[in-house]
Number of protein chains: 2
Amino acid sequence: MGVSLALLAGLMLTAPAAWGAENLQQVMKRRGLTQEHILAAAKTYTPTGGRDEFIAFASGGQSGHVIVYGIPSMRILKYVAVFTPEPWQGYGFDDESKAILAQGRINGKDITFGDVHHPALSETNGDYDGKFLFVNDKSNPRLAVIDLHDFETKQIVVNPVFQNEHGGAFVSENTEWVIESAQLAAPLGGEYAPLEQFNEKYRGGVTYWKFNREKGRIEPKKSFSIELPPYSQDLSDFGKLASSGWSFTNSFCTERYVGGIERGVPPFEAGCSAKDTDYLHVINWRKAAKVAAAGKVKKINGHPVIMLDTVIKEGLVYLIPEPKSPHGIDVSPDGQYMVISGKLDSHVFVYSWKKIQAAINAGNFASHDPYGLPIIDMKQVLHTQVNLGLGPLHSQFDSKKGIAYTSLYVDSMAARWDYLNGKLIDRIPIHYNIGHLMTMHGDTVKPRGKYLVALNKLAIDRFNPVGPLHPQNHQLIDISDDSKLSLLYDMPLPLGEPHYTVAIEAKLLKPAVRYKTGTDSRTNTISPHKTRAGEERIEKNGNRVEVFGTLIRSHITPEIIEVDEGDEVFIHLTNLERAEDQTHGFSIGKYNVNGSWEPGKTATVSFKADIPGVFPYYCTEFCSALHLEMQGYLLVKPKGYKAKVGEMMPKEQYTQADYDKQVKTNIETQGVVDGVVGFITSHNYKDFPEVVALVEDATQQLGYAEDPKGKGEAEAAKGNWHAATLWAGQWWQYQVKAADIGLRAKTYLEQHGAKKVE
Amino acid sequence: MGVSLALLAGLMLTAPAAWGAENLQQVMKRRGLTQEHILAAAKTYTPTGGRDEFIAFASGGQSGHVIVYGIPSMRILKYVAVFTPEPWQGYGFDDESKAILAQGRINGKDITFGDVHHPALSETNGDYDGKFLFVNDKSNPRLAVIDLHDFETKQIVVNPVFQNEHGGAFVSENTEWVIESAQLAAPLGGEYAPLEQFNEKYRGGVTYWKFNREKGRIEPKKSFSIELPPYSQDLSDFGKLASSGWSFTNSFCTERYVGGIERGVPPFEAGCSAKDTDYLHVINWRKAAKVAAAGKVKKINGHPVIMLDTVIKEGLVYLIPEPKSPHGIDVSPDGQYMVISGKLDSHVFVYSWKKIQAAINAGNFASHDPYGLPIIDMKQVLHTQVNLGLGPLHSQFDSKKGIAYTSLYVDSMAARWDYLNGKLIDRIPIHYNIGHLMTMHGDTVKPRGKYLVALNKLAIDRFNPVGPLHPQNHQLIDISDDSKLSLLYDMPLPLGEPHYTVAIEAKLLKPAVRYKTGTDSRTNTISPHKTRAGEERIEKNGNRVEVFGTLIRSHITPEIIEVDEGDEVFIHLTNLERAEDQTHGFSIGKYNVNGSWEPGKTATVSFKADIPGVFPYYCTEFCSALHLEMQGYLLVKPKGYKAKVGEMMPKEQYTQADYDKQVKTNIETQGVVDGVVGFITSHNYKDFPEVVALVEDATQQLGYAEDPKGKGEAEAAKGNWHAATLWAGQWWQYQVKAADIGLRAKTYLEQHGAKKVE
């Protein structure tokens, strides 16, 4: 644990110039940092180009997004738009993504937000496989599928029977099924019934969505639901290994209380927490799937529902009393233990799967609920109860045997404890009021340990103030030391309120940096509107105008689009780039037209040209030195416009001198390019894949230069100096782009210790 | 500069247990960190509760937002919704913020995004005052006002004469005016004209928006524009001190070239960069304001425009050749120098205001442009030209005399140089391709030095991959050391593409944490819908239903809202909380109803109840232990529904035993509360403002407990044990909230070294 004095001296005293004007101790003094802070900084600081060990996916709450960040750097890498339109990604702006959002329409209404609660990563054999992410919308009961190949939302399904759902998404060990459980009870299918008929007509339930891994899509027609009593079914978890084939769903307000403080009766919060226990639902989903497949269902809105009488007859669901007003149900990595906390009970309850199975197999039930569901005696199936503190909510698991972590909302602490031996080990204060917590792969068969993230519900004074609406706060905690939990980092969440987060080893993710040219990314197919360079065209049929265009550094083809007032306009654009991060945008002012085209993507923006006038369009991503000039004009000719116009002619006219000057510049620029190429090829650049990609890109740009160079020379041969000068200018633009990329490659080689080759 | 060996030994070897299982050197080895990395980490790492020194406001590009982050921690604190609806903030969801977005409608169309480019902080005497932020929308020419009292968008104005604008926002020394300059030329006012009439009918210009500081709003009726030739007027800056009363606007494509690669002519990028120089517009705005006030204008769309003939006659605008295809124009802190880079010229040009003034005063013009504007000879007014490198774009200033920083896009570098003596000092590589850069207060009369942020346009390989669409990358650079520029931090931007950023000393910002109860935050007035506790009600007039409700931990009043199919429903909610960060949300599933209510705010959500059924609503912010129970039901009765129903009656009925048990729990809980109160009051808690606020909140919660306690006792006296038990439960809920807050205060005191008082 110690460190030799000599080593330290060497560490801190050599090359003082490289440390800038201040040394470490001076910085610590100026910034009020302690030794612990420096160690925490060293454990989290990630230098330029460094990689995070884990990638976290947090639900974005009411923002409707998913938030992606790195651990341990705690830097947010991306907001993925899911339920809410988001223009930077073009989501809800291009026709392809509008079609995804249209899948989420309800009762004919656009729903322009979601309340995203629980992300779930796809699993293979109970461990994350890095292929897909599922998230739910609590407010409008929906589920979305995100493909981790490109981090885009591919599908939204609307729950056909619930009005609300908090308890999703959770996936089975091989991602065959995704759970979504109703929260606030309502008549199944959405019809009206007065609250006076709450007990009789209001119902809860759980939906099992079938996931097709090859298609990467949920199959609604192969999915089914189970009708349950109106108990506010809540968070769920799938069994694993020992408990494979079963799933577990918490509930609260099994009192079936209906509040109404305005009517003189106590509010929901009082009546929904009156009893000492609520019910854990233990569900035999493998059997339920067979029952559904056998058609023993009622179709509600066309969706198969196993009704309560069948549930009871087939023995699909068992109830076990659980601590009052629970939040999380978490199955241990070996599938043998179910850990449940009730936020109004200071004990966490650990149930034994062996004991539950024994009770079920023996038909050993203490009683039945008012709807006829069998209730198992809690004491018979309890493994242990541990007093952790006030307001326990959620648990996650460590890589170390028997170790779990539980959030304590009221105490504002995270607890480390032993669920096998029923012992509290340690607690660490968090700031403030922790909801979920999360360990690395912490809900899989193989937790990775190392880090814990506390998802705090209040930030209060943790950060510089930014007005009445505060950021959220995720705190990173080092759990690698058995003797101590250490706080490493406070990360503000600047948009949205994450409820749950999952973190996967970064190396398990293999996202692409480009699409096959012409890809419709929302369907993962080649778009019928794919357009190659040179095939750009405008087709007009009646009042329907279709533009087949391309995007490349630094021009949009076509650069002029003329339509008539009233035309329906469809602009299909293909990004021809192959280089990483070479995204182009496209926007038409005042027509609310906007989109994002990553390398290879084809997507369409469409609108009715109902306002005449001149509407500039341009690339919205700063893509190159000539980005500002990546522009064009949409002209919408007014109905009946007949004026005669002259020729298009700029006032500037170029001469032979202009041409000669431009050619001289180009020859000089080629010298710069050649110099850079010489540097690169004289080094072992092929050992650096990033540089190889840059060289390919630069070579492509130089290749593009041939065409305008030839055109310029041809015009010059005819004495057309004006046109010749312009084409020579375009030749130069490609040279500048090649030089830009070449210089980037050269700098990379210099900074990464490339060696000269002989 | 060195550090004593003894001190270092002490620093690293004491208290090894506190450092966890690994010491600093072991962490460095495991994570591949160098000494420079540790120093950079120490300069940026901000421990829990720490404060940043500067707050940066970055434009969000196509996301339509503004991004707020701290320096040096580089943690993003907030996305402020400006032009794009954003549900976490309720922006574009409640009626009050819908009214702001409605101000931004164009030609009767909702514009649901913006392309935010240039934020500008309000200034007093040429330095930031922390009161307001202005940002522009390039795509749909608009300007927005954000109030830094609460970080909310208060106003959007649509440019009445332009079709597009890149060159905004820039403010005058005392924020009397905000500039917005047209970019892509079009007929003023939006009418149609064919491109063949480009030279004759297309125009550029600059708009001067009048800002009323007391009202915190732009006054369109007191604003005016200046007509200019179709030169793609671009970024601007106001003069200051020596050059007060003047403003400066760059331009590009003064060639007035119209591309059309699909028509066989070279694209815009070739023709717009053919000449060696473009024009700097030097504008006498103080005189122009007088000319406009005197009515020497043409009204276009009701907006006063000083037309070109008046501009020339009154001598309002002068042109000076500037390096080709320039981006930024930046006025030195003393107002004496104008720094301009042309991205296709490796030199940065420094103009002398004294020389410009002399030329103007002497009427010493080299020539006139085709529209009659006088052109000043560039060589006569140049102070110096400095060869900095390839692709210079923008400049910012240091606190040190004569020192400026310029971004080099093609070289991917930031340059430090001396604009007084015309010398390049140093360059630092950035990754990759820097657009704007920014120093602290770097465009004011009093730059603060210390840090430079490079706004890189490409991230490429800097971060873990997250699909084809990459985050942006802002790199923090230490400029405090005269001998060296040091890279400190790479910050990914997870949503949107910032173009420019401004940073202000954090101490100059004084945002509020709560509103006066009943505040309509978008108008800064008390809402007519403000509702006090106990005044909640539902008013129905014909088919118009108005709900006056309240939000408080943990219930929504009313908890049941019954309406008839077809009713127009207006739900006015007031958040009664006074505690910091105690925001509540409200959402109705399937009706796309959602909002955010910070403490004290009143806002309205409205919708037509056109779908019958049962629609749960709930609080979307995890606000308290009983947050999940903060719920209610909207019942939309179908047309013609007549069924008879019984009484509302839960199946659970509580007995005297239940009541006695609850009261016993409450007495025990009161013991916990008393213990916490005892701890707090026995310490010097009044020295901690955060704790005083918590104590006030806890006391308030305990105060709320009195009412249900009394009701429970009254019902018990009458033998109504069911009702008595429920009210006693509600009494307990308030105790739990008080205990929660009290524990938070106790932990705070323990962690901040509070002392026992005698």
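These numbers were taken from a predicted model, which means no experiment stands behind them. Naming convention: chains lettered A, B, ... in sequence-line order (proteins, then strands); numbering from 1 in each chain.
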Which atoms of [X] approach chain B - backbone, side chain, both or neither, heavy atom under 4.5 Å:
{"X": "L33(A)", "answer": "side chain"}
{"X": "R514(A)", "answer": "backbone"}
{"X": "T112(A)", "answer": "both"}
{"X": "P708(A)", "answer": "neither"}
{"X": "Q163(A)", "answer": "both"}
{"X": "A459(A)", "answer": "both"}
{"X": "E191(A)", "answer": "backbone"}
{"X": "V466(A)", "answer": "both"}
{"X": "K109(A)", "answer": "side chain"}
{"X": "I611(A)", "answer": "side chain"}

Backbone N or O of [Y] within a donor-acceptor pair of the [X] side chain at under 3.5 Å?
{"X": "E255(A)", "Y": "A274(A)", "answer": "yes"}
{"X": "Q89(A)", "Y": "S596(A)", "answer": "no"}
{"X": "E497(B)", "Y": "W88(A)", "answer": "no"}

Heavy-atom pairs under 4.5 Å with chain B - which of [options] has more of them than the others?
{"options": "Y409(A), Y79(A), Y641(A)", "answer": "Y409(A)"}
{"options": "G70(A), G260(A), A186(A), C272(A)", "answer": "G260(A)"}
{"options": "V27(A), V513(A), D478(A), N464(A)", "answer": "N464(A)"}
{"options": "E580(A), K637(A), R462(A), K343(A)", "answer": "R462(A)"}
{"options": "P187(A), A270(A), G391(A), P85(A)", "answer": "A270(A)"}
{"options": "F252(A), Y432(A), Y515(A)", "answer": "F252(A)"}

Selection from [options] maximising heavy-atom pairs under 4.5 Å formed with chain A:
{"options": "G49(B), G729(B), P471(B), G589(B)", "result": "G49(B)"}
{"options": "T747(B), N594(B), N164(B)", "result": "N594(B)"}
{"options": "G64(B), S412(B), P612(B), P429(B)", "result": "P429(B)"}
{"options": "T557(B), N140(B), I106(B), L726(B)", "result": "L726(B)"}
{"options": "K590(B), E269(B), K457(B)", "result": "E269(B)"}
{"options": "N107(B), I261(B), L77(B)", "result": "L77(B)"}

Side chains of [X] and [Y]: do they bring a donor and an acceptor to under 3.5 Å?
{"X": "T48(A)", "Y": "D490(B)", "value": "yes"}
{"X": "Q733(A)", "Y": "S273(B)", "value": "yes"}
{"X": "H555(B)", "Y": "Q631(B)", "value": "no"}

Heavy-atom pair of closest approach, residues [X] and [Y]:
{"X": "I460(B)", "Y": "H470(B)", "answer": "O-CD2, 3.2 Å"}
{"X": "G435(A)", "Y": "F622(B)", "answer": "CA-CE1, 4.4 Å"}
{"X": "F113(A)", "Y": "S587(B)", "answer": "CZ-OG, 3.5 Å"}
{"X": "G467(B)", "Y": "F151(A)", "answer": "N-CD1, 4.0 Å"}
{"X": "P511(A)", "Y": "P465(B)", "answer": "CG-O, 3.4 Å"}

* To do: Can you measure from CG (L635(A)) to CD1 (I560(A)) and round to the nearest 0.5 angstrom?
  => 7.5 Å
* Asked: How many angstroms lie between NZ in K43(A) and OG in S486(A), if you round to the nearest 0.5 Å?
  -> 5.5 Å
Side chain, backbone, both or neither: which part of [X] has a heavy atom under 4.5 Å from chain A?
{"X": "L184(B)", "answer": "both"}
{"X": "S554(B)", "answer": "both"}
{"X": "I111(B)", "answer": "both"}
{"X": "P194(B)", "answer": "both"}

* **Which residues share a ring-ring contact (aromatic ring centres under 6.0 Å, His included) with Y45(B), sequence neighbours left out** =>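 ring-ring contact (aromatic ring centres under 6.0 Å, His included) check on Y45(B) returns nothing, list empty.
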* Taking the six-membered ring of F463(B) as reference, does the NZ or CZ atom of K78(A) fall below 6.0 Å from its centre and within a 45° cone about the axis? -> no
